[in-house]
Amino acid sequence: RQTSSGFWSFKIQFLKLPCSTPPLPFCADLSMPQPKRAKKMDPALAKKCVNTIRVLAADTVQKANSGHPGAPMGCAPMAHALWGSNMNFNPKNPKWSNRDRFVLSNGHACALQYCMLHVTGYNLTMDDLKQFRQVNSKTPGHPENHLTEGIEVSTGPLGQGISNAVGLALGEKHLAAVFNKPEFPVVDHFTYVICGDGCLQEGISSEASSLAGHLGLGKLIVLYDDNLITIDGATDLSFGEDVLKRYEAYNWHTSTVANGNDEAGEDLLAKIEAAKAVTDRPSIIKVRTVIGIGSAKEGTAGVHGSPLGDEDLANVKTMYGFKPEDKFVVADDVYAFYHERAAAGAQAEAEWDAMFAKYKAAHPDLADEYDRRMAGTLEEGWAKDLPTYTAESKTEATRKYSQHALTEVVANLPEVVGGSADLTPSNNTKVEGNKVDYSPATPEGRYIRFGVREHGMAAICNGLAAHGGFVPFGATFLVFTGYALGAVRLSALSGFQVLYIMTHDSIGLGEDGPTHQQVAMLASTRAIPNLNVIRPADGNETSGAYKCAIEARTTPTILALSRQGCRNIAGTSIEGVAKGAYVVRDAEGATIILAASGSELQLAESAIADLEKAGEKVRLVSFPCWELFEAQEQAYKEAVFTPGVPVLSVEAASTFGWAQYSHGQVGMTTFGLSGPGSAVMEHFGFTKDNVVAKAHKLVQFYKGSAPSLIQNPF
């Protein structure tokens, strides 16, 4: 009101409003949902649960006399906060599609995860814990998804797990955009991670975390075990950066829990709830813990990778209220608590099932597609449109034939989602069906711009495969598979179907020179078990390579594709690729077999006429995939490589490994050179004249009695 003196006076009244949350700071973003605190647990029971996990994990490691007790003991409050208050999970159906995902990125701490799986009721018994790190047990030395129910991804190589989690979260967001409808949140779950300092030192985690922030993956929540210890000792020996500042720069929401050892974990629970409320960015919570807390070696590297020892473990048990002589003990009320949480997860699944039934009635086609994709079955007739070619068809590089095949695959299989590590125009992976990029604004997009992040790309693809509902692909130059190799290896170990579309596959790429010309990568990747390396020779074989890759449901595939043109050769076929090696052109009573892969099949074919003029009878064998050939019956192998007939292999890559199939090789034993591709190939002997000369020498050397290289006693 205005006073008699002309001045204005104001009365400010503060109203006390009923509110369960603290007052908001003046600058709060009122548009952002405010977090709800997790249901408060009985502190005494929480303490008992956490200490039970600490002791049970230490018992598990001690029984094996091998393993890592420190991190499980330090991280137990985090595990309890997740399983005890936050995650939706159902041990009776570990593959429920809308479960929350959990990744233990510091996989050496797997005793912690095994203990949580046991107490919550997964198919992991106390006897399984006692078989920790033993041959053929369900509790291997690091988590393996194909061995243990409840393990989403295989971790241990540091940085892989948190990077896989980016793929899991990306998958959730994409599927939600595709399938969710108003009132039907079919896809609605979080991805939680526990990781350590080592994970955040590995470059792969930086690659993946940077992309996660860029894409705004708000349902990814990472608990960072900041225990200040690595194997060498204190982290400040080698790691002094402010991790949260780095993650702020990545566009992550960050927070800190100063006392992560608190069994009740009220601060931790509040920070997790706050992270869940941030929907436009991933979250990382730095949780300060003491490694091996309670041990005589707590807070030191000595408790990282060695059992506590009987005396120390007995003292730990006494301190935590357990009888020192008792081993592998879980009290009934601890079991009851975690089983109640599992029952809540089962109820959540039952409610989801009821919702999905209504969704199916309202959107039957979408529901059927969701069921198909999550079951991992292929659309009937998906391969019918794969291109076929004749010898008169246009000559193109196999990377271009790949683009034609990928166009049809993407059109017929919406689960095929992926992208390139900043080489899209070279890899030819952008096609009509994936023209929409995945982005925060268009999460339904099927093309992922991975950026120059080959290792992160491969690990994210593993996460997409682990999520379910995807056949992911990543692309780069074949030589840069070396950057991604750690994650490619885990694709194979985990049984994840990932397509690696790798172009510029030989010295034939030319001018970029030996830094970009792969020589050893084919040999390196062929050495990895459960990894199909397919190097197609022309258009038919490229279509065949895609057919094999899509049908290999538990095996990743590398497609090695040329930059230079590869003419279409009479006798090649889609079906032949599935055999690994097959006869393209035969001659009765063959005196020499020319076996080649990829762009060199046309070179081998060009040598036939000169050899025949000289009186030789030539069989031409296309050999696109060693792994598929090894899966064939012995009779078939001998039909392709007839005993007694010498074999000359031709491949513009290292000759390493070819001696198991060929008596002589035209290949590489050095690095390549910079220059026009045709000139480089000629320089290293990839010419018709050289193939003819080497073939003559083999025939003359063996005189019709070459030893069989594929007949072995075992």
Side-chain angles (χ1 to χ4, degrees), residues 100-107 145 152-155 157-177 187 189-196 198-224 243 246-254 275-276 278-285 417-422 437-440 443 445-470 472-474 483-484 486-488 490-491 494 496 498:
D100 288 330
R101 270 61 169 180
F102 171 75
V103 175
L104 184 71
S105 190
N106 49 340
N145 63 294
E152 303 287 355
V153 292
S154 299
T155 61
L158 296 177
Q160 295 287 342
I162 185 175
S163 304
N164 297 158
V166 173
L168 289 166
L170 193 158
E172 189 274 346
K173 191 170 183 179
H174 174 80
L175 291 176
V187 183
H189 53 264
F190 286 88
T191 299
Y192 295 98
V193 180
I194 292 178
C195 76
C199 292
L200 301 186
Q201 291 178 44
E202 289 285 358
I204 184 176
S205 65
S206 297
E207 294 181 20
S209 296
S210 172
L211 186 60
H214 178 72
L215 296 177
L217 301 180
K219 288 189 175 179
L220 173 61
I221 298 176
V222 175
L223 307 186
Y224 160 35
V243 170
R246 175 156 61 94
Y247 273 77
E248 286 176 16
Y250 290 156
N251 190 40
W252 284 55
H253 165 254
T254 67
K276 289 163 72 174
V278 178
T279 59
D280 61 342
R281 290 175 291 162
S283 294
I284 184 169
I285 306 170
V417 173
S420 169
D422 198 50
D437 287 350
Y438 181 101
S439 73
R446 295 171 60 189
Y447 197 78
I448 304 169
R449 303 287 186 171
F450 286 108
V452 189
R453 303 181 179 99
E454 293 88 355
H455 201 181
M457 172 181 71
I460 290 168
C461 285
N462 284 340
L464 284 168
H467 184 281
F470 294 93
F473 70 87
Y483 281 137
V488 173
L490 283 175
S491 301
S494 305
F496 288 150
V498 178

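From a predicted model like this one, the values you see are computed outputs, not experimental measurements.
The two atoms that bring Val103 and Gly161 nearest to each other are CG1-O, 3.4 Å, heavy atoms only. When every heavy atom of Tyr247 is checked against every heavy atom of Leu200, the shortest pair comes out as OH-CD2, 3.3 Å. For the residue pair Ala487 and Asn462, the shortest heavy atom distance occurs at O-ND2, 3.0 Å. Across Val498 and Cys461, no two heavy atoms sit closer than the pair CG1-CB, 3.7 Å. The two residues His214 and Pro440 have their closest heavy-atom pair at O-CG, 3.7 Å. Nearest approach of Leu464 to Gly167, heavy atoms of both residues: CD2-O, 3.5 Å.
With sequence neighbours excluded, no residue forms a ring-ring contact (aromatic ring centres under 6.0 Å, His included) with Phe496. Partners of Ser105 under the side chain to side chain contact (heavy atoms under 4.5 Å, CB included) rule, at least two apart in sequence or in another chain, are Ile162, Val193, Cys195, Cys199. For His467, the side chain to side chain donor-acceptor pair (under 3.5 Å) partners two or more places apart in sequence, or in a different chain, are His189. Applying the side chain to side chain donor-acceptor pair (under 3.5 Å) test to Tyr192 and every residue at least two apart in sequence or in another chain returns nothing. Residues passing the salt bridge (Lys or Arg N to Asp or Glu O under 4.0 Å) test with Glu454, sequence neighbours excluded: none. Residues satisfying the side chain to side chain contact (heavy atoms under 4.5 Å, CB included) criterion with Asp422, sequence neighbours excluded, are Val452. With sequence neighbours left out, the side chain to side chain donor-acceptor pair (under 3.5 Å) criterion links Thr155 to no other residue. Here Thr191 pairs with nothing under the side chain to side chain donor-acceptor pair (under 3.5 Å) rule; sequence neighbours left out. Partners of Tyr483 according to the ring-ring contact (aromatic ring centres under 6.0 Å, His included) rule, which considers only residues two or more places apart in sequence or in another chain, are Phe480. Partners of Arg449 by salt bridge (Lys or Arg N to Asp or Glu O under 4.0 Å), not counting sequence neighbours, listed by chain and number: Asp437. Remark: His455 pairs with no residue by the ring-ring contact (aromatic ring centres under 6.0 Å, His included) rule, at least two apart or across chains.
Atom-to-atom distance recorded for Lys276:NZ and His253:NE2 is 13.5 Å, nearest 0.5 angstrom. Distance CG/Asn106 to OH/Tyr224: 11.5 Å, rounded to 0.5 Å. For the atom pair CD1 (Ile448) and OG (Ser420), the distance works out to 11.5 Å, reported to the nearest 0.5 Å. Considering CZ of Arg101 and CG of Leu168, their distance stands at 7.0 Å, rounded to 0.5 Å. Atom CD1 in Ile221 sits 12.5 Å away from atom CZ in Phe102 (nearest 0.5 Å). Between Ser283 atom OG and Leu220 atom CG the span is 8.0 Å, to the nearest 0.5 Å.
Glu202 places no side-chain N or O within donor-acceptor distance of the main-chain N or O of Gly159, the cut-off being under 3.5 Å. Judged purely by atom type and a 3.5 angstrom limit, Ser205 has no side-chain atom pairing as donor or acceptor with the backbone of Gln201. Within the 3.5 Å criterion, the main-chain N or O of Ile284 finds no donor-acceptor partner in the side chain of Thr254. His174 places a side-chain N or O within 3.5 Å of a backbone atom of Pro443 that can act as its donor or acceptor partner. Although no hydrogens or angles enter the test, the distance criterion places a donor-acceptor pair under 3.5 Å between the side chain of Asp100 and the main chain of Phe190.
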Assess whether side chain to side chain contact (heavy atoms under 4.5 Å, CB included) is satisfied between Val222 and Trp252, documenting all intermediate values. CA-CA 10 Å; Val222 175; Trp252 284 55; 3.7 Å; yes
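The salt bridge (charged side-chain N to carboxylate O under 4.0 Å, His left out) analysis of residues 158-175, with sequence neighbours excluded, yields the pairs Glu172-Lys219.
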